[in-house]
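Hydrogens, waters and symmetry mates are skipped; everything else that's a heavy atom, side chains included, is used. Bear in mind the structure is a predicted one, so any value in this text is a computation, not a measurement. First listed ligand is number 1; within each ligand, the first listed atom is number 1.
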Amino acid sequence: MGEFDLIDRYFRRPAAAAAGGVALGIGDDCALLAPTPGMQLAVSSDLLLEGRHFLSTVDPARLGHKALAVNLSDLAACGARPLAFTLALALPAADEDWLAPFARGLLALADAHGCALVGGDTTRGPLAICITVFGEVPPGQALLRSGARAGDDLWVSGTVGDARLALEVFRGTLRLPAEAFEAARLRLEQPQPRVALGQALRGIASAAIDISDGLLGDLGHVLRQSGVGARIEADRALGLLALRRLAADAVPAPIQLDCVLAGGDDYELAFTAPPARRDAVLAAGAAAQVALTRIGCIEAQPGVRVVDASGAALARAFASFDHFG
Ligand code: ADP
Ligand code: MG
């Protein structure tokens, strides 16, 4: 199978070219995008390398899903609506048993978000997947990292920390009951980008970021770019771990908190909003059908303070968490 047969068979779909926002899809030297007049284009790329960003044993359908999900998550964090994406692929071989499920997982998520595959590049090489997404957002309404203000609430969507638990099981540092492991593994391999939530938070959230490298690390970007600090209530943060309900006794409490605060691969949104907008925030979560948890607040003093129920700061350094080596 040649390069062009491969593209035609797995990635080119005539109907996708008719999607809104796309004037010309796969097959020419360039794709042509037609964003809604007056909107700003939101653009983001992510490169996924075998061994570094995913395990070689991962189900290709889940990998296809995740490759696009991590990019859609960046659009979500900006409050942008997805339009289209390109796919640059390096493959060791044209393996149909890999390509068919990969394309299926990828395009299923693309269809779910009305985001058409409009072009890319295909070459032989060690497995690497680079996706660039294009979205649109009204001028001045993109959610930025720089807008958090002292006194704002700190919110997190969905569940956080479970993906890291699954990763540690794969690494052999942790054991989980079968049912709990499958649930955690789904969070690691099939994250759900919070695209609807991001758009619903436009005009409500003062700052936002998606959690890819760990809650504290990513929140740190918001705090630095906004010139503020934060206080996080440990008990509220622990409530973000879905597995707490399934397998609380399988994982020691300190490791649970580490996974929530520094785990990574969650692809949830962390965002800030003034307390006066709490009802609007909760309405946005309800409209997007995503649970939202208020885990703390923004303070003028730089840095992050993780506090217990009595308000006392926990002495441990979470940001540098590396128990697992
Ligand atoms: P060029 O050499 O002009 O860059 P190619 O011959 O590499 O174009 O690709 C032919 C067409 O197929 C182009 O429209 C390109 O965008 C598209 N394409 C190539 N690889 C992929 C891919 N992995 N997924 C989607 N479209 C692709
Ligand atoms: Mg090319």
Side-chain angles (χ1 to χ4, degrees), residues 1-36 39-76 78 80-136 189-193 195 212 267:
M1 182 173 46
E3 177 186 335
F4 301 106
D5 294 334
L6 184 160
I7 296 163
D8 272 350
R9 187 165 321 167
Y10 295 108
F11 298 120
R12 184 175 187 166
R13 295 183 307 165
V22 178
L24 183 66
I26 291 175
D28 217 305
D29 292 307
C30 290
L32 297 175
L33 300 186
T36 309
M39 296 288 237
Q40 287 183 337
L41 261 189
V43 182
S44 180
S45 289
D46 266 300
L47 175 61
L48 274 73
L49 299 180
E50 180 169 16
R52 180 158 184 87
H53 302 99
F54 58 91
L55 304 168
S56 56
T57 50
V58 70
D59 170 8
R62 289 188 177 187
L63 182 59
H65 172 106
K66 184 164 179 177
L68 180 59
V70 303
N71 281 277
L72 290 176
S73 180
D74 285 318
L75 288 186
C78 281
R81 182 173 81 89
L83 292 175
F85 71 105
T86 60
L87 169 68
L89 203 53
L91 295 169
D95 174 1
E96 308 201 26
D97 290 339
W98 188 91
L99 274 163
F102 174 81
R104 195 177 354 103
L106 177 85
L107 296 177
L109 185 66
D111 289 347
H113 290 279
C115 187
L117 175 56
V118 295
D121 201 17
T122 308
T123 181
R124 194 180 290 272
L127 184 57
I129 306 160
C130 182
I131 287 179
T132 300
V133 281
F134 302 87
E136 64 179 25
E189 296 180 348
Q190 292 222 281
Q192 299 300 325
V195 172
S212 52
Y267 299 100

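Between Leu87 and ligand 1, a contact under 3.5 Å exists for at least one N or O pair. By the 3.5 Å distance cut-off applied to N or O atoms, Leu117 is not counted among the residues near ligand 1. Ligand 1 has an N or O atom lying under 3.5 Å from an N or O atom of Gly120, backbone or side chain.
Below 4.0 Å from some heavy atom of Asp121 lie the following atoms of ligand 1, by number and element: 7 (O), 19 (C), 20 (N), 21 (C), 23 (N). Against a heavy-atom cut-off of under 4.0 Å, Ile26 is close to the following atoms of ligand 1: 12 (O), 14 (O), 17 (C), 25 (C), 26 (N). Residue Phe4 has at least one heavy-atom neighbour below 4.0 Å for each of these atoms of ligand 1: 6 (O). Of all the atoms in ligand 1, the ones that sit under 4.0 Å from a non-hydrogen atom of Asp28 are 13 (C), 14 (O). The Glu3 neighbourhood of ligand 1 comprises atoms 7 (O), with distances under 4.0 Å to a heavy atom of that residue. Ligand 1 places these atoms under 4.0 Å from at least one heavy atom of Gly119: 16 (O), 24 (N), 25 (C), 26 (N), 27 (C). Residue Asp29 approaches ligand 1 through these ligand atoms, each under 4.0 Å from one of its heavy atoms: 3 (O).
The NE2 atom of His53 sits 12.5 Å away from atom CG of Leu127, with the distance rounded to the nearest 0.5 Å. Between the CG atom of Asp46 and the SG atom of Cys130 there is a distance of 8.0 Å, given to the nearest 0.5 Å. Here the CG-CG distance, from Leu89 to Leu106, works out to 9.0 Å after rounding to the nearest 0.5 Å. A distance of 6.5 Å separates CG of Leu33 from CG of Leu83, quoted to the nearest 0.5 Å. How far CG of Leu75 is from CZ of Phe85: 11.5 Å, rounded to the nearest 0.5 Å. With values rounded to the nearest 0.5 angstrom, Arg62 atom CZ is found 14.0 Å from Leu109 atom CG.
Contacts with ligand 1 closer than 4.0 Å are made by no heavy atom of Thr86, backbone or side chain. Of the heavy atoms in Thr122, both backbone and side-chain atoms come closer than 4.0 Å to ligand 1. Under 4.0 Å from ligand 1, not a single heavy atom of Arg12 appears.
Side-chain contact between Pro191 and His65: present, with at least one pair of heavy atoms (C-beta onward) separated by less than 4.5 Å. Residues Leu107 and Tyr10 fail the side-chain proximity criterion, which asks for heavy atoms closer than 4.5 Å.
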### Message
Walk me through whether Thr122 and Ile7 qualify under side-chain contact (heavy atoms from CB on, under 4.5 Å).
### Response
CA-CA 8 Å; Thr122 308; Ile7 296 163; 3.8 Å; yes
